[in-house]
Participant: 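Okay, here's the structure, questions in a sec.
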Amino acid sequence: MFGFGRTSSRNSTPRPGAVTVNGRELPLTIREHAQATRMTLRIEPGGQALKLTIPRGLAGRDIDAFLTRHHGWLMTRLASVPAAGPLVQDKIISIRGVDHRIVMTGKLRGLAEETEIDGVPTLLVSGSPEHVGRRVADHLKRVARRELDALVRHHAATLGKPFKAIAYKDTRSRWGSCTSEGNLSFSWRIAMAPDFVIDYLAAHEVAHLKEMNHGPDFWSTCTRLCPRTKEAKRWLKQNGTRLFAVTF
């Protein structure tokens with residue numbers, strides 16, 4: 001199913017404030033841009049909201065027609081994105097590309113721990129049920145720091161390029177960044193991705209220590225550091241939204 005929620009507008013036809021796709025109501029942000037000559041629809045990272053950029057003064061009925069034409073595209077793109085929901089007992093969380101079943105230990109304290117129960121990868125989580133998301137997020141942050149710290153040092157040594165600091169954030173617009181001062185930043189959500197994707201992200205940002213652009217020399221350097229660069233880029237394009245969709 002596909003439908004619109006409404007907000008008031010200075011146009012005679014109200015502009016939609018939400019779009020219902022496959023039974024999920026997604027907030028719709030509409031932004032006018034003076035230089036825009038056409039409408040551009042974007043699914044926000046995590047697949048929990050939509051953003052529509054339009055030419056200034058566009059009528060609500062034109063927006064409706066555009067959204068109706070693109071409902072098939074939205075349904076297809078959002079079908080693989082899970083609906084947001086809390087992490088609880090028996091939910092699945094991916095750690096370094098491996099699905100782990102969340103199992104509550106019943107203990108009040110203690111760090112989350114990866115193990116196997118009856119051959120099934122499992123994440124043991126302590127604390128009360130309402131704190132599961134926070135405990136799982138803390139574990140992913142530790143995994144990201146452990147893996148990326150080592151990879152960054154390795155790739156920086158390979159290039160002979162020093163870096164200044166590494167930070168970890170829950171960014172939604174990019175997976176990583178590198179400043180001209182040598183400060184690297186990563187989204188700790190990458191800990192849910194397979195090892196070769198984590199390696200690619202480290203190589204990508206370290207390559208910026210040498211090439212502050214995305215030109216041919218940059219991609220050559222990135223591929224030298226991480227031979228699976230193309231495969232990892234493709235994986236992130238296909239699965240990145242799914243990682244952003246996890247709510248903690």
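These figures come from a predicted structure and were not determined experimentally. The residues of the chain are indexed from 1 along the displayed sequence.
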Participant: Quick one: CG on L243 to CD1 on I190, what's the gap to the nearest 0.5 Å?
Facilitator: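 So the gap between those two atoms works out to 6.5 Å.
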Participant: Tell me whether L87 shares a hydrophobic cluster with L124, the cluster being built from Ile, Leu, Val, Met, Phe, Trp, Tyr side chains joined at under 4.5 Å.
Facilitator: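 The answer is no; the residues belong to distinct hydrophobic clusters.
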Participant: Using a 3.5 Å distance criterion without hydrogens, assess whether the side chain of R69 forms a donor-acceptor pair with backbone atoms of D64.
Facilitator: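 No, because the side chain of R69 does not come within donor-acceptor range (under 3.5 Å) of the backbone of D64.
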Participant: Is there a side chain to side chain contact (heavy atoms under 4.5 Å, CB included) between V132 and F248 once you walk through the steps?
Facilitator: CA-CA 8 Å; V132 172; F248 296 95; over 6 Å; no
Participant: Whether the side chain of H70 engages the backbone of W73 through a donor-acceptor N/O pair (distance < 3.5 Å, no angle test) should be reported.
Facilitator: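 Such a contact is absent between H70 side chain and W73 backbone.
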Participant: Would T179 and E181 count as having a side-chain donor-acceptor pair, cut-off 3.5 Å?
Facilitator: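 The criterion, which ignores hydrogens and geometry beyond distance, is satisfied for E181 and T179.
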Participant: D195 vs Y200, test: side chain to side chain donor-acceptor pair (under 3.5 Å). Steps then yes/no.
Facilitator: CA-CA 9 Å; D195 285 340; Y200 158 70; over 6 Å; no
Participant: With side chain to side chain contact (heavy atoms under 4.5 Å, CB included) as the criterion, how do I102 and I92 come out once you've worked through the C-alpha distance, each side chain's angles and the decisive distance to 0.1 Å?
Facilitator: CA-CA 6 Å; I102 295 174; I92 301 298; over 6 Å; no
Participant: Please determine whether residues F66 and M75 belong to a single hydrophobic cluster, defined as Ile, Leu, Val, Met, Phe, Trp and Tyr linked transitively by side-chain heavy-atom distances below 4.5 Å.
Facilitator: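 Linked within one cluster.
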Participant: Looking at W219, is K233 sitting on its ring face, NZ or CZ under 6.0 Å from the six-membered ring centre and within 45 degrees of the normal?
Facilitator: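 Yes, K233 and W219 form such a contact.
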Participant: Does atom CZ of R146 have more than 12 heavy-atom neighbours, drawn from other residues, nucleotides or ligands, at distances under 6.0 Å?
Facilitator: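 Count over threshold, so yes.
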Participant: If we ignore hydrogens and angles and just use 3.5 Å, is the side chain of H208 paired with the main-chain N or O of E205 as donor and acceptor?
Facilitator: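 No; zero donor-acceptor contacts below 3.5 Å.
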Participant: Can you see which heavy atom on M39 is nearest to which on I63, and at what distance?
Facilitator: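 Answer, listing the atom of M39 first, then I63: SD-CA, 4.2 Å.
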Participant: Has T20 got a side-chain atom pairing as donor or acceptor with G23's backbone, closer than 3.5 angstrom?
Facilitator: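 Such a contact is absent between T20 side chain and G23 backbone.
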Participant: Looking at L201, I198, V206, which one forms a side chain to side chain contact (heavy atoms under 4.5 Å, CB included) with L151?
Facilitator: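 Testing L151 for a side chain to side chain contact (heavy atoms under 4.5 Å, CB included) against L201, I198, V206 leaves exactly one candidate, I198.
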Participant: Do the side chains of V125 and V103 get nearer than 4.5 Å, heavy atoms only?
Facilitator: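 No - every pair of side-chain heavy atoms lies 4.5 Å or more apart.
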Participant: Flag the pair C178 / L209 as yes when at least one side-chain heavy-atom distance between them is below 4.5 Å, and no otherwise.
Facilitator: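 The answer is yes, as the side chains (C-beta and beyond) meet within the 4.5 Å cut-off.
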Participant: Roughly how far, to the nearest 0.5 Å, is the OG1 atom of T229 from the CZ atom of R224?
Facilitator: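 Rounded to the nearest 0.5 Å, the CZ-OG1 separation comes to 11.5 Å.
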Participant: Spell out, yes or no, whether I54 and L28 are grouped together once hydrophobic residues are joined by side-chain heavy atoms under 4.5 Å, including indirect joins.
Facilitator: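 Yes, it is one cluster - the side chains of I54 and L28 are joined through contacts under 4.5 Å.
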Participant: What distance do H71 atom NE2 and L74 atom CG have between them, rounded to the nearest 0.5 Å?
Facilitator: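 Those atoms lie 9.0 Å apart.
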Participant: Using salt bridge (charged side-chain N to carboxylate O under 4.0 Å, His left out) as the criterion, list what pairs up with D118, not counting sequence neighbours.
Facilitator: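 If we apply the salt bridge (charged side-chain N to carboxylate O under 4.0 Å, His left out) test to D118, skipping adjacent residues, there are no hits.
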Participant: For I117, does the CD1 atom have more than 12 heavy-atom neighbours from other residues, nucleotides or ligands under 6.0 Å away?
Facilitator: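 Counting other residues, nucleotides and ligands, CD1 of I117 exceeds 12 neighbours.
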Participant: So do L41 and L52 actually touch side chain to side chain, heavy atoms under 4.5 Å?
Facilitator: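 Touching, per the 4.5 Å side-chain cut-off.
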Participant: Got E114 and V98 here, is their nearest side-chain heavy-atom distance under 4.5 Å?
Facilitator: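 The answer is no, as the side chains (C-beta and beyond) never meet within the 4.5 Å cut-off.
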Participant: Taking the six-membered ring for Trp, are H204 and H214 ring centroids under 6.0 Å apart?
Facilitator: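 Judged by ring-centre distance (under 6.0 Å), H204 and H214 do meet the cut-off.
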Participant: When you measure from the side chain of E25 to the backbone of V19, do you find a donor-acceptor pair of N or O atoms at a distance under 3.5 Å?
Facilitator: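 No.
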Participant: If you define the side chain from C-beta out and look only at heavy atoms, does anything of K141 sit under 4.5 Å from D138?
Facilitator: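 The answer is yes, as the side chains (C-beta and beyond) meet within the 4.5 Å cut-off.
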Participant: What I want to find out is whether D199 reaches R228 closely enough, with some N-O distance under 4.0 Å, to be called a salt bridge.
Facilitator: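 The answer is no: the pair does not qualify as a salt bridge.
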Participant: For T171 and R174, which heavy atoms make the closest approach, and how far apart are they?
Facilitator: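 Between these two residues, the closest heavy atoms are OG1-O, 2.8 Å.
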Participant: Who passes side-chain hydrogen bond (donor to acceptor under 3.5 Å, both in side chains) against S126, sequence neighbours left out?
Facilitator: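 For S126 the side-chain hydrogen bond (donor to acceptor under 3.5 Å, both in side chains) partners, ignoring immediate neighbours, are R135.
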Participant: So, for H33 and T53, which heavy atoms are closest and what is the spacing to 0.1 Å?
Facilitator: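 Distance-wise, the nearest heavy atoms are CB-CG2, 3.9 Å.
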Participant: Does N239 reach the main-chain N or O of W235 with its side chain, forming a donor-acceptor pair under 3.5 Å?
Facilitator: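 Yes, N239 side chain to W235 backbone: donor-acceptor pair under 3.5 Å.
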Participant: Kindly state whether the ring of W175 and the ring of F244 have centres lying under 6.0 angstrom apart.
Facilitator: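 They qualify: ring centres under 6.0 Å apart.
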Participant: Please tell me if the side chains of V136 and V246 come closer than 4.5 Å, counting only heavy atoms from C-beta onward.
Facilitator: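 No; the side chains remain at least 4.5 Å from each other.
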Participant: How far does NE2 of H154 sit from CG of L225, to the nearest 0.5 angstrom?
Facilitator: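 Rounded to the nearest 0.5 Å, the NE2-CG separation comes out at 7.5 Å.
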Participant: Is any side-chain heavy atom of I30 closer than 4.5 Å to one of L58?
Facilitator: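 When only atoms from C-beta onward are counted, I30 and L58 do not touch, as no gap falls below 4.5 Å.
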Participant: Could you check whether H131 and S128, counting side-chain N and O atoms only, form a donor-acceptor pair closer than 3.5 Å?
Facilitator: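 Short answer, yes.
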Participant: Side chain to side chain contact (heavy atoms under 4.5 Å, CB included) between T29 and L50: does it pass, once the steps are laid out?
Facilitator: CA-CA 6 Å; T29 300; L50 305 173; over 6 Å; no
Participant: Give the minimum heavy-atom separation between P55 and A36, together with the two atoms involved.
Facilitator: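 Minimum heavy-atom separation between P55 and A36: CB-O, 3.5 Å.
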Participant: Ignoring hydrogens and geometry, is there a side-chain-to-backbone donor-acceptor pair from Q89 to M104 under 3.5 Å?
Facilitator: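 Looks like yes, one N/O pair under 3.5 Å.
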Participant: Restricting to non-hydrogen atoms, name the atom on R56 and the atom on A34 that form the minimum distance, rounded to 0.1 Å.
Facilitator: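 Between these two residues, the closest heavy atoms are NH2-CB, 3.7 Å.
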Participant: Taking it one step at a time, do L148 and W188 satisfy side chain to side chain contact (heavy atoms under 4.5 Å, CB included)?
Facilitator: CA-CA 9 Å; L148 285 167; W188 51 262; over 6 Å; no
Participant: My understanding is that only residues two or more places apart in sequence, or in another chain, count here; which of them pass side-chain hydrogen bond (donor to acceptor under 3.5 Å, both in side chains) with T223?
Facilitator: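 With sequence neighbours excluded, T223 shows a side-chain hydrogen bond (donor to acceptor under 3.5 Å, both in side chains) to no residue whatsoever.
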Participant: Might you point out which heavy atoms bring H100 and L123 nearest each other, and give the distance in Å?
Facilitator: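 The answer is CB-N, 4.1 Å.
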Participant: State, yes or no, whether a side-chain contact exists between L140 and R189 at a heavy-atom distance under 4.5 Å.
Facilitator: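 They are not in side-chain contact.
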